[in-house]
Protein chains: 2
Amino acid sequence: MATISDVAREAGVSRTTVSRYLNGQLNDSSDKAQRIARAIAELRYHPNLLARSLRSATTRSIAVIVPDLSNPFYPTLLSAIEARLAQHGVQVFVGQSGDDARREPTMLQDYYNRRVDGMIYVSATSEPDPVLRQIAKSIPVLMLDEQVTGFSDATIRVDHERGVYQATKYLLDLGHRHVTYLAGPRHLTTTQLRLRGFETALAERSLTDATEVIYGSYTMEAGRLWAQRFLENLERGPTAVICANDLVALGVHRTLTENGIVIPNFLSIIGFDDIFVSSLVSPSLTTIRQPFEQFGQVVSERLVEVLHGGTLRDSPMILAPELIVRESTSPPRP
Amino acid sequence: MATISDVAREAGVSRTTVSRYLNGQLNDSSDKAQRIARAIAELRYHPNLLARSLRSATTRSIAVIVPDLSNPFYPTLLSAIEARLAQHGVQVFVGQSGDDARREPTMLQDYYNRRVDGMIYVSATSEPDPVLRQIAKSIPVLMLDEQVTGFSDATIRVDHERGVYQATKYLLDLGHRHVTYLAGPRHLTTTQLRLRGFETALAERSLTDATEVIYGSYTMEAGRLWAQRFLENLERGPTAVICANDLVALGVHRTLTENGIVIPNFLSIIGFDDIFVSSLVSPSLTTIRQPFEQFGQVVSERLVEVLHGGTLRDSPMILAPELIVRESTSPPRP
DNA sequence: TAGTATTTTGGAATCGATTCCATAAGGGGT
DNA sequence: ACCCCTTATGGAATCGATTCCAAAATACTA
């Protein structure tokens, strides 16, 4: 493997000059530049990025930490982020915490030890960890979606509250009076924000009685479980359900369909995220869309900005959700 | 940021000794080990992995290159790979080529310049590139799914031919005689292998007449396009279609459903991959499953084996596909 | 044309670890 | 008590680039 010294020798200049050439600090038309270019081509030289990074203290790499890539929400996000950052020559480590908050500090530390220039972090908890706190002092750590206490400034998220508010209002306008909210894990800020949207919409119409909130997880299984119970006591059940996310909604959707319950006539369902699947099931899912593309774009731009020497603005960024009305919602059964 | 020298000074030993301690070459119960441990904790020392890697010529990182993360097939694969490798302390770069074969050599080179210990590469082409050839000489490059000419030994893939053979046979056994095969891009080996399975099954029954093969891409759009044409001449069309992958099948599925065609009564559909969505659409999709988990496991294990000093065995690995019969297939319309 | 300012250039130091090699210390055997 | 063998330890070299700084070359000004 040719090194910069080999190139320097071959071109009859010093390492320093070659380094300058590589970093565009050398007049390209100069005689030396020509010789260096020829030497590089001849020796098939490619710089060792480890060496470069060690000295220059910048790696042009970042880490993306998500709970679980098998939830389609995250690959969609990851795809948008990777595509954007690649345009800026930034490469991406990806890691899954397995939704286990205890593993996250170790992961953060490991990537930091590789000297990534920044991180994009979807936490499985809202509890801030000392490791995170420490790392965030020296590199930008953007948090997506879930807001970690004390880091709201670095958070980029959708307006969870508004999204659920809109969805709830939409159901109420259709005439629903008995609505269940299938929330995510109780301790997450996403859960709490979304819940607030639900409650606000109900409060506006003084309708807090015939509704209920059930905590669960962001999985299909959670939806299935609830649907099982719903089936046991059909007539007394709600006429609509708003789910923590699309996966939960799909769990409900599938279980009810398997049991011959007609959606939306008997039960209206609304999800959150608008993952790929949601438009494909039948009836297709009414849901609150998270603007993935915009996420990827905003996140990458803010990160690139910082990498180019800018500072992280100290304001949270809150994107607008959009209620996508499809086939899984209708006026309530009589 | 504390360095190894700081630890050495604090513990009153040399850098070398600290390094040995870090690499488990020091008696843990020794007096010095105790002092070093204390110094590390006190200074909150974490090794700079760039420096370590530069010297030791191993990074404990690999790159995964896929065409496109928005095709659910790849995140599923990536998830399995990342999870397994994380257990071995190996971290993962991920990159998308955007299905553009011209970008791949650059990507390969970029990751190589970071001195990844290996790569997992799903090529968008079967044409081998000189860059790939060069890199594969010094680090293991495992190819998944698509087989690059000259690299069959490093390929891990499902038995494409057998999968489609089984699916075709299944349709013929149901009584279908007019079957269309919606193939992927013509130049890919996956396409050709799968096609061979189709043709073998037909040939066995001397049924090559009333069937046809159409080349396209691995996208929903390709399925949609074909379905449009199918709709224009319903009665003359085939009674069953085997699709290049699930996305294509879903494109067909959706378009026909939107137009009131009943699946499977009027047209049977079979996909390939068994992505998450396929079990959720209605009617659910009969498909040829790729064993994702096994992929992740096998790939990671082979890679880890090499990283631990083993050599890449020189035999391709071919996994067994499984025909998952669901609701999108039935005997043909009369 | 001399003198100063600016740009080019390269030698040496540096980033932070591991590895090489020589030396010191400990352990057994006679 | 002596010698040999093994183990423990640290100083110096090394990985391959960038960056610092001083010297050389060039350009500019009066």
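Reminder, nothing fancy here: chain letters follow the sequence lines and each chain counts from 1. Keep in mind it's a predicted model, so treat the numbers as computed, not measured. Side-chain atoms are counted along with the backbone in the values below, which use heavy atoms only and exclude waters and symmetry mates.
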Any chance the side chains of [X] and [Y] put a donor and an acceptor closer than 3.5 Å?
{"X": "T189(B)", "Y": "E146(B)", "answer": "yes"}
{"X": "S217(A)", "Y": "T219(A)", "answer": "yes"}
{"X": "Q147(A)", "Y": "R157(A)", "answer": "yes"}
{"X": "Y45(B)", "Y": "T3(B)", "answer": "no"}
{"X": "S14(B)", "Y": "T17(B)", "answer": "yes"}
{"X": "Y111(B)", "Y": "S61(B)", "answer": "no"}

Here's one to test your reading of the geometry: is the NZ or CZ of R114(B) within 45 degrees of the ring axis of Y112(B) and under 6.0 Å from its centre?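 Here R114(B) fails the 6.0 Å and 45° test against Y112(B).
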So what is the end-to-end bend of the helix from dT1(C)-dA30(D) to dT30(C)-dA1(D), with 5 pairs used at each end and the value given to 10 degrees?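 Computed angle between terminal axes is 30°.
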Taking any heavy-atom pair under 4.0 Å as a contact, classify N23(B): base, sugar-phosphate, or nothing.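 Touches sugar-phosphate only.
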Does L26(A) reach a base, just sugar-phosphate, or nothing at all? Heavy atoms under 4.0 Å.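 Sugar-phosphate contact only.
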Looking at T59(A) and R115(A), would you say the former's side chain and the latter's main chain have a donor-acceptor pair under 3.5 Å?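 Judged by distance alone, yes, a pair lies under 3.5 Å.
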Considering only heavy atoms of chain A and a distance under 4.0 Å, specify the first and last nucleotide of DNA chain C in 5' to 3' order that meet this criterion.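 From 5' to 3', the first and last contacting nucleotides are dT9(C) to dG16(C).
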So do the side chains of V66(B) and L69(B) get within less than 4.5 Å of each other, counting heavy atoms only?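 SC-SC contact between V66(B) and L69(B) confirmed.
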Mind calculating the distance between CD1 (I36(B)) and C1' (dG10(D)) to the nearest angstrom?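 So the CD1-C1' distance, I36(B) to dG10(D), works out to 12 Å.
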Trace of the side-chain contact (heavy atoms from CB on, under 4.5 Å) decision for Q290(B) with D145(B): CA-CA 10 Å; Q290(B) 301 224 39; D145(B) 211 41; 3.6 Å; yes
I'd like to check the ring pair (Phe, Tyr, Trp, His ring centres under 6.0 Å) partners of Y121(A); sequence neighbours left out, ordered by chain and number.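 In terms of ring pair (Phe, Tyr, Trp, His ring centres under 6.0 Å), with neighbours along the sequence ignored, Y121(A) is linked to no residue.
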According to ring pair (Phe, Tyr, Trp, His ring centres under 6.0 Å), who are the partners of F292(A), at least two apart in sequence or on a separate chain?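 F292(A) satisfies ring pair (Phe, Tyr, Trp, His ring centres under 6.0 Å) with F73(A) once adjacent residues are dropped.
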For the OG atom of S97(B) and the CG atom of D99(B), what is their distance to the nearest 0.5 Å?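 Interatomic distance, S97(B) OG to D99(B) CG, rounded to 0.5 Å: 5.5 Å.
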Please give me every residue in residues 8-22 of chain A whose heavy atoms get under 4.0 Å of an atom in DNA chain C, ordered by residue number.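 Output list: V13(A), S14(A), R15(A), T16(A), T17(A), R20(A).
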Mind running a 4.0 Å heavy-atom check of residues 52-60 of chain B against DNA chain D and sending the residues that fall below it, in number order?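 Contacting residues: L54(B), R55(B).
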